[in-house]
Amino acid sequence: MAKFLTNREENYAQWYNDLVIKADLAENSAVRGCMVIKPNGYAIWEKIQAELDRMFKATGHVNAYFPLFIPKSFFSKEAAHVEGFAKECAVVTHYRLKNDENGKGIIVDPAAKLEEELIIRPTSETIIWHSYKNWIKSYRDLPILINQWANVVRWEMRTRLFLRTTEFLWQEGHTAHATREEAIEETERMINVYAEFAENFMALPVIKGYKSENERFAGALDTYAIEALMQDGKALQAGTSHFLGQNFAKAFDVQFTDKTGKLDYVWATSWGLSTRMIGALIMAHSDNRGLVIPPKLAPVQVVIIPIFKNTEQLSNLSAVAVKIKSELEKTGLTVKYDDRDNNKPGWKFADYELKGIPVRIAMGPRDLENGTVEVARRDTLEKVTIPVSDIISYIPVLLNEMHKNIYNKAVKFRNENTWYIDKWSEFLEILDNQGGFIMAHWDGTPETEEKIKEETKATIRIIPFDSPEEEGKCIYSGKPSKRRVLFARSY
RNA sequence: CGGGGUGUGGCGCAGUUGGUAGCGUACUACGUUCGGGACGUAGGGGCCGGAAGUUCGAGUCUUCUCACCCCGACCA
């Protein structure tokens with residue numbers, strides 16, 4: 001096994017895996033490709049959930065829940081959709097076990113075979129549209145703006161903690177609209193929500209854009225995505241929003257009567273964001289000391305550590321610490337006071353750095369005498385000593401400042417690793433050396449994209465919304481192109 | 001599914017030409033410590049991933065098998 005945090009350049013994947021495990025976020029479970037999300041990891045997910053949920057509700061959405069199982073027949077109604085997911089589905093075929101007559105233990109009871117197999121949802125479009133059919137008769141029933149927090153299963157060949165697990169947690173929004181324009185507007189609205197979330201809460205700069213035809217969601221007319229750059233130069237798709245057109249409405253026969261009394265199919269969108277975001281957070285911000293959790297998503301934002309020789313000193317320190325804790329909590333922060341005496345302060349410092357707690361307040365007898373505390377920030381590891389009376393005003397400002405700093409650092413990294421390239425040789429050279437985002441011209445054909453993928457493993461991550469029009473020649477074919485697209489190797 | 005690697009106390013590892021398992025860390029107790037991952041003393045914990053075989057004797061050799069990790073293939 002690789003040594004913890006020592007071989008980052010040699011093997012980023014291993015470094016990442018070690019970090020996840022050392023920081024106590026997750027571990028492999030007994031089930032192939034599945035992970036146990038441990039309390040430290042789940043707490044981050046809960047913060048992500050809370051913020052996203054707030055944003056969804058602010059944009060008019062409500063939560064609901066649909067079944068885990070999807071009858072096989074539902075799944076095959078939309079041709080492109082089944083094509084896209086067929087290869088990675090877990091299928092339930094029986095509903096009962098029994099004791100083997102030959103003493104071989106528990107076996108599947110052959111008599112309990114399901115007449116129709118059930119698919120464990122890889123995504124919920126089909127089962128949701130089956131319900132929507134019954135809910136929608138008139139334009140007055142629209143729009144339907146529903147989100148679901150759920151688990152899904154995709155039987156990928158290769159898995160990695162948080163980034164691609166067989167089972168993962170996510171939210172999936174499924175909306176139904178009376179008009180094409182309204183649905184497109186919703187698709188755009190939600191990709192903007194995701195981008196805003198990434199930047200304001202994850203401190204993660206992202207690029208918004210369209211997916212190319214090859215990379216589009218199975219069954220969508222258009223897929224918008226946000227892409228982020230990880231520290232090893234690979235791209236990570238962090239959230240997607242799909243304009244589904246009338247594909248699912250037609251597949252599930254969902255028609256409504258419009259204002260003029262005419263029948264029409266409903267327009268749809270879907271959008272999702274998963275526990276992969278935790279992976280993005282880890283890979284984007286962490287350093288060789290461990291995690292760096294952006295302050296707004298940190299389950300514990302401030303930890304107070306007393307430095308003491310005996311119980312008398314501890315109780316003197318505790319009196320002050322507890323007061324600081326409750327004062328900070330009144331401002332809405334989550335604060336932990338760690339007065340355990342089974343670990344030395346130095347051990348605690350290192351441990352909380354590994355776990356990415358944004359701010360550490362240390363206080364010992366010397367501070368008590370001077371009426372001060374030592375405040376250390378995780379992002380820069382800088383320490384300052386300030387008067388106790390300043391803490392309440394100091395910490396919130398510091399946390400804001402840290403968010404900005406972490407974000408700016410990520411922006412700087414991305415800018416330094418974004419290349420505007422016009423020569424194929426340079427394209428190859430950059431992929432082999434430092435990686436990163438490559439902005440290059442493309443002739444717009446799936447064939448060219450496919451060939452580039454075959455030769456370099458790089459794909460078009462996104463056609464940025466804000467990519468300006470300019471005349472150019474395709475980096476691969478030399479044919480004319482009107483704008484640059486974003487190429488990268490990805491997870 | 002192909003290529004490579006690893007399976008030995010909770011975690012990280014060593015174990016030579018086969019001789020009946022050890023180190024670091026963690027854990028327990030006591031004492032001394034406590035401003036950047038403390039120290040001493042004394043303890044507890046492993047039939048060496050599993051199965052079969054060779055042998056007087058297998059962590060070590062052979063065959064089979066399982067699991068995990070990395071690289072590919074695959075991946076809204």
Side-chain angles (χ1 to χ4, degrees), chain A residues 1-4 6-7 10-18 21-22 24 27-35 78 80-89 121-125 152 154-161 163-166 168 170 172 211-220 222-225 236-244 270-274 276 289-290 305-311 313-314 317 339-354 360-370 372-374 376 381 383 385 453-454 457 459 490-491:
Chain A
M1 288 290 277
K3 294 282 178 292
F4 174 51
T6 56
N7 58 348
E10 292 161 29
N11 193 337
Y12 195 82
Q14 186 71 56
W15 171 84
Y16 168 84
N17 244 12
D18 284 350
I21 289 162
K22 287 279 180 181
D24 222 22
E27 66 186 28
N28 284 299
S29 75
V31 185
R32 180 205 164 278
C34 292
M35 68 174 164
E78 214 289 331
H81 191 66
V82 67
E83 172 84 8
F85 282 104
K87 286 175 286 183
E88 52 188 59
C89 287
R121 61 181 169 218
T123 179
S124 302
E125 273 79 4
V152 290
R154 295 183 187 177
W155 212 267
E156 305 280 5
M157 285 177 179
R158 182 140 165 232
T159 59
R160 177 172 300 167
L161 295 175
L163 296 181
R164 183 172 292 106
T165 44
T166 299
F168 58 93
W170 77 344
E172 46 181 329
K211 283 288 180 187
S212 66
E213 199 184 320
N214 286 351
E215 300 279 324
R216 208 174 276 159
F217 177 72
D222 215 341
T223 289
Y224 305 159
L236 187 75
Q237 179 176 304
T240 47
S241 182
H242 315 290
F243 171 57
L244 303 173
S270 68
W271 27 274
L273 184 147
S274 73
R276 172 182 260 199
R289 292 235 192 178
I305 298 174
I307 298 158
F308 56 94
K309 288 194 191 3
N310 51 51
T311 50
Q313 280 184 354
L314 176 59
L317 288 164
D339 61 352
R340 292 175 299 168
D341 64 356
N342 51 350
N343 289 121
K344 288 180 63 178
W347 190 91
K348 293 178 187 172
F349 293 174
D351 193 48
Y352 288 115
E353 277 165 12
L354 174 62
R360 177 183 73 235
I361 297 175
M363 48 195 297
R366 215 160 62 210
D367 289 303
L368 211 52
E369 231 170 81
N370 302 334
T372 58
V373 292
E374 182 192 82
L381 299 165
K383 293 184 278 199
T385 299
K453 185 179 175 183
E454 273 169 32
K457 283 177 243 155
T459 51
S490 75
Y491 278 97

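Computation of the quantities below employed the complete heavy-atom set of this structure, encompassing side-chain atoms and omitting hydrogens, waters and symmetry-equivalent molecules. Chain letters run A, B, ... following the sequence lines, proteins first, then strands; residues in each count from 1. Small disclaimer: the values here were computed from a predicted structure and weren't measured.
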Provide the distance between the two [atom1] atoms, one in [N] and one in [M], to the nearest whole Å.
N      : M      : atom1 : result
U8(B)  : G12(B) : P     : 8 Å
C74(B) : C48(B) : C1'   : 36 Å
G15(B) : G46(B) : C1'   : 14 Å
A38(B) : G50(B) : P     : 36 Å
G9(B)  : A51(B) : P     : 16 Å
G22(B) : U60(B) : C1'   : 15 Å
G24(B) : C30(B) : P     : 23 Å
G7(B)  : G59(B) : P     : 16 Å

For [X], enumerate each residue passing the side chain to side chain contact (heavy atoms under 4.5 Å, CB included) test, keeping only those at least two apart in sequence or located in another chain.
X         : answer
Arg160(A) : Ala13(A), Tyr16(A), Asn17(A), Arg158(A), Leu163(A), Tyr491(A)
Asn342(A) : Arg340(A)
Thr223(A) : Lys211(A), Arg216(A), Phe217(A), Ala220(A), Thr240(A), His242(A)

Holding to salt bridge (Lys or Arg N to Asp or Glu O under 4.0 Å), I want the full list of residues that pass it with [X], two or more places apart in sequence or in another chain.
X         : answer
Arg360(A) : Glu353(A)
Asp367(A) : none
Glu27(A)  : Lys38(A)

Using a 4.0 Å heavy-atom cut-off across all strands, classify [X] as base, sugar-phosphate, or nothing.
X         : result
Phe168(A) : base
Lys211(A) : nothing
Arg360(A) : base
Pro365(A) : base
His242(A) : sugar-phosphate
Tyr491(A) : nothing
Glu215(A) : sugar-phosphate
Gly364(A) : base
Trp170(A) : base
Gln237(A) : base
Asp341(A) : nothing

Notebook entry, point to check: Pick the nucleotide of RNA chain B nearest each of Glu353(A) and Lys457(A); which residue has the one closer to the 5' end?
Noted result: Glu353(A)
Check: Which atoms form the tightest heavy-atom contact between Ile307(A) and Leu317(A), and what is the distance?
Finding: O-CD1, 3.1 Å
Check: Can you name the closest pair of heavy atoms from Gly84(A) and Ala218(A) and give their distance?
Finding: CA-CB, 3.7 Å
Select one nucleotide: of [options], the one nearest the side-chain heavy atoms of [X].
X         : options                : value
Asn17(A)  : C75(B), G35(B), C69(B) : C69(B)
Phe349(A) : A73(B), G36(B), C34(B) : G36(B)
Asn28(A)  : C68(B), C75(B), G36(B) : C68(B)
Glu374(A) : G35(B), G37(B), C74(B) : G35(B)
Lys87(A)  : A73(B), C75(B), G36(B) : C75(B)
Lys383(A) : G35(B), G36(B), C75(B) : G36(B)

Quick one: side-chain hydrogen bond (donor to acceptor under 3.5 Å, both in side chains) partners of [X], sequence neighbours excluded?
X         : answer
Ser490(A) : Arg461(A)
Trp170(A) : Glu172(A)
Thr165(A) : none

Item checked: Side chains of Leu161(A) and Ile21(A) in contact at under 4.5 Å (non-hydrogen atoms) -> yes
Check: Can you find a heavy atom in the side chain of Phe85(A) that is under 4.5 Å from one in the side chain of Arg154(A)?
Finding: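 In contact.
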Checklist line | G36(B) OP1/OP2 closer than 4.0 Å to side-chain N/O of Lys344(A) | finding: no
Note to self: Tell me whether the side-chain N/O atoms of Asn310(A) come closer than 4.0 Å to OP1 or OP2 in C34(B).
What the structure shows: no
Check nucleotides 39-43 of chain B for protein N or O atoms closer than 3.5 Å to its own N or O atoms and list the pairs.
none

Note to self: Output one letter per nucleotide in nucleotides 25-30 of chain B: B when a protein non-hydrogen atom lies under 4.0 Å from the base, S when only the sugar-phosphate is that close, - when neither is.
What the structure shows: ------
Between [atom2] on [N] and [atom1] on [X], what's the gap in Å once rounded to a whole number?
X         : N      : atom1 : atom2 : answer
Asp367(A) : G35(B) : CG    : C1'   : 8 Å
Asp351(A) : A38(B) : CG    : P     : 12 Å
Glu156(A) : A73(B) : CD    : C1'   : 12 Å
Met157(A) : C70(B) : CE    : P     : 17 Å

Note to self: Using the rule given for side-chain contact (heavy atoms from CB on, under 4.5 Å), can you reason through Glu125(A) versus His81(A), listing the C-alpha separation, both sets of side-chain angles and the distance that settles it, and then say yes or no?
What the structure shows: CA-CA 9 Å; Glu125(A) 273 79 4; His81(A) 191 66; 4.0 Å; yes
Check: What's the spacing between Glu454(A) CD and Thr459(A) OG1 if we round to 0.5 Å?
Finding: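 Here the rounded value is 13.0 Å.
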Next item on the list: Convert the base pairs of RNA chain B into dot-bracket notation, remembering that pairs crossing earlier ones are written with [ ] and that bases paired across to another strand are shown as |; include only Watson-Crick or G-U pairs under 3.5 Å.
Entry: (((((((..((((.....[..)))).((((((.....)))))).....(((((..]....))))))))))))....
